[in-house]
Undergrad: 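Dropping the structure in here first, questions after.
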Amino acid sequence: QVQLVESGGGLVQAGGSLRLSCAASGRTSSNYAMGWFRQAPGKEREFVAAISWSGGDTSYVDSVKGRFTISRDNAKNTIYLQMSSLKPEDTAIYYCAIRPVGRVATSDFLYDYWGQGTQVTVSS
C-alpha cells in the first residue's frame, strides 16, 4: 500500500503563486513516476503535470505550460508543483498520483494510488 499526502493549497489572488507538495510513503516501488491532476466543480478530472522517476522527463497540459513547474526530491519521496501566474480557472482540487513505472503518463487510469487532494482557489 502507498500513501500520498498533498499540502500547500489555499486561497490566492489572480497572478499569485502557490507551491503544492505531495509526500509518498509505504510500499513505493524503486522506480515510479508521479503526476498532478485537478478537478474543478462540475468538471471531469484532468491531467496537469507529470514527472519521471529521474526527473529528466516532464509533461504538462497546455493550459499550464510556462506557468507551472513540476519537480521531485527522491530522497524525500516528494514531488512539488510550483504554480505561478495563477488564474481563476486554475481553481480546483489538486490530486497527486503515483504509478509503479518510471515513465510519465497523462492518463489517470495509469496511476495506481491517489492522495486525498488539496484545494486551490484563485480569486479574480
Side-chain angles (χ1 to χ4, degrees):
Q1 194 77 322
V2 176
Q3 293 79 42
L4 300 174
V5 178
E6 301 100 333
S7 61
L11 173 64
V12 64
Q13 289 187 332
S17 299
L18 282 174
R19 189 177 83 152
L20 305 184
S21 300
C22 174
S25 61
R27 293 187 173 184
T28 56
S29 67
S30 60
N31 184 4
Y32 57 88
M34 295 185 72
W36 289 98
F37 292 76
R38 65 186 179 186
Q39 188 167 20
K43 295 187 177 181
E44 293 186 355
R45 184 168 58 192
E46 70 166 345
F47 167 77
V48 176
I51 188 166
S52 63
W53 165 252
S54 69
D57 188 21
T58 58
S59 180
Y60 298 91
V61 67
D62 285 346
S63 60
V64 308
K65 286 181 180 178
R67 300 189 299 121
F68 291 11
T69 301
I70 189 170
S71 60
R72 66 187 298 162
D73 182 342
N74 287 344
K76 297 181 179 179
N77 286 338
T78 299
I79 64 168
Y80 307 94
L81 186 67
Q82 179 67 48
M83 306 185 294
S84 303
S85 302
L86 283 161
K87 304 175 181 180
E89 51 263 43
D90 294 318
T91 295
I93 299 174
Y94 283 70
Y95 300 90
C96 71
I98 190 170
R99 62 191 299 252
V101 177
R103 299 184 305 277
V104 300
T106 61
S107 300
D108 58 3
F109 66 86
L110 293 174
Y111 290 81
D112 292 348
Y113 296 97
W114 295 79
Q116 81 289 350
T118 185
Q119 177 70 49
V120 172
T121 303
V122 184
S123 64
S124 58

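Heavy atoms only: backbone and side chains are in, while hydrogens, waters and symmetry mates are out. Computed from a predicted model, the values in this text were never measured in an experiment.
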Undergrad: Show the nearest heavy-atom pair for residues Pro100 and Asp112, with the distance to one decimal.
TA: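 Heavy atoms only, the tightest pair is CD-OD2, 2.9 Å.
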Undergrad: Output yes when a side-chain donor or acceptor of Tyr80 lies under 3.5 Å from a complementary backbone atom of Asp73, and no otherwise.
TA: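 Judged by distance alone, no pair lies under 3.5 Å.
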Undergrad: Rounded to the nearest 0.5 Å, what's the gap from OG1 on Thr118 to CG on Leu18? Could you check?
TA: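 Here the interatomic distance stands at 9.0 Å.
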Undergrad: Could you grab the distance from atom CZ of Arg19 to atom OG of Ser84, nearest 0.5 Å is fine?
TA: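 So the CZ of Arg19 and the OG of Ser84 are separated by 11.5 Å.
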Undergrad: So do the side chains of Leu4 and Ile98 get within less than 4.5 Å of each other, counting heavy atoms only?
TA: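 They are in side-chain contact.
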Undergrad: Are Glu6 and Leu20 close enough that some pair of their side-chain heavy atoms sits under 4.5 Å apart?
TA: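 Glu6 does not reach Leu20 side chain to side chain.
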Undergrad: Check whether any side-chain heavy atom of Gln119 sits under 4.5 Å from a side-chain heavy atom of Thr91, and report yes or no.
TA: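 The answer is yes, as the side chains (C-beta and beyond) meet within the 4.5 Å cut-off.
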Undergrad: Is it true that Asp90 and Lys87 have a side-chain N and a carboxylate O under 4.0 angstrom from each other?
TA: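 The answer is no: the pair does not qualify as a salt bridge.
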Undergrad: So how far is it from Tyr32 OH to Ile51 CD1, rounded to the nearest 0.5 Å?
TA: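 Reported value, rounded in 0.5 Å steps: 11.0 Å.
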Undergrad: Please evaluate residues Met83 and Val48 with respect to the criterion side-chain contact (heavy atoms from CB on, under 4.5 Å), reporting the C-alpha separation (whole Å), side-chain torsions for both, the decisive distance (0.1 Å), and the verdict.
TA: CA-CA 11 Å; Met83 306 185 294; Val48 176; over 6 Å; no
Undergrad: Could you check whether Trp36 and Phe68 have their ring centres less than 6.0 Å apart?
TA: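 Phe68 vs Trp36: aromatic centres not under 6.0 Å.
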Undergrad: List the atom of Val104, the atom of Ser59, and the distance in Å for their closest heavy-atom pair.
TA: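 Residues Val104 and Ser59, closest heavy atoms: CG2-CB, 4.4 Å.
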Undergrad: Under a 3.5 Å threshold, yes or no: a donor from one side chain and an acceptor from the other, between Arg99 and Tyr111?
TA: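 Tyr111 and Arg99 do not have a side-chain donor-acceptor pair below 3.5 Å.
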Undergrad: To check you understand the geometry: which heavy-atom pair defines the closest contact between Ile79 and Cys96, and what is its length?
TA: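 Closest approach of Ile79 to Cys96: CD1-CB, 4.3 Å.
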Undergrad: If you look at every heavy atom in Asp108 and Arg45, which pair is closest and at what distance?
TA: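 It is OD2-NH2, 3.2 Å.
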Undergrad: Nearest 0.5 angstrom please: Gln3 CD to Gln116 CD, how far?
TA: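 Those atoms lie 11.5 Å apart.
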Undergrad: When rounded to the nearest 0.5 angstrom, what distance separates OG in Ser85 from CZ in Arg67?
TA: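 Nearest 0.5 Å value for the OG-CZ distance: 7.0 Å.
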Undergrad: My understanding is that only one of Phe109, Tyr95, Trp114, Tyr94 makes a ring pair (Phe, Tyr, Trp, His ring centres under 6.0 Å) with Phe37; could you say which?
TA: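 Among Phe109, Tyr95, Trp114, Tyr94, the one meeting ring pair (Phe, Tyr, Trp, His ring centres under 6.0 Å) with Phe37 is Trp114.
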Undergrad: Find out whether Trp53 and Val101 are in side-chain contact, i.e. whether some heavy atom of one side chain is under 4.5 Å from a heavy atom of the other.
TA: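 Side-chain contact under 4.5 Å: no.
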Undergrad: Can you see which heavy atom on Met34 is nearest to which on Arg72, and at what distance?
TA: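 Closest pair (atom of Met34, atom of Arg72, distance): N-NH1, 4.1 Å.
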Undergrad: How far apart are the closest heavy atoms of Ala14 and Ser124, and which atoms are they?
TA: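 For Ala14 and Ser124, the tightest heavy-atom pair comes out as CB-CA, 4.4 Å.
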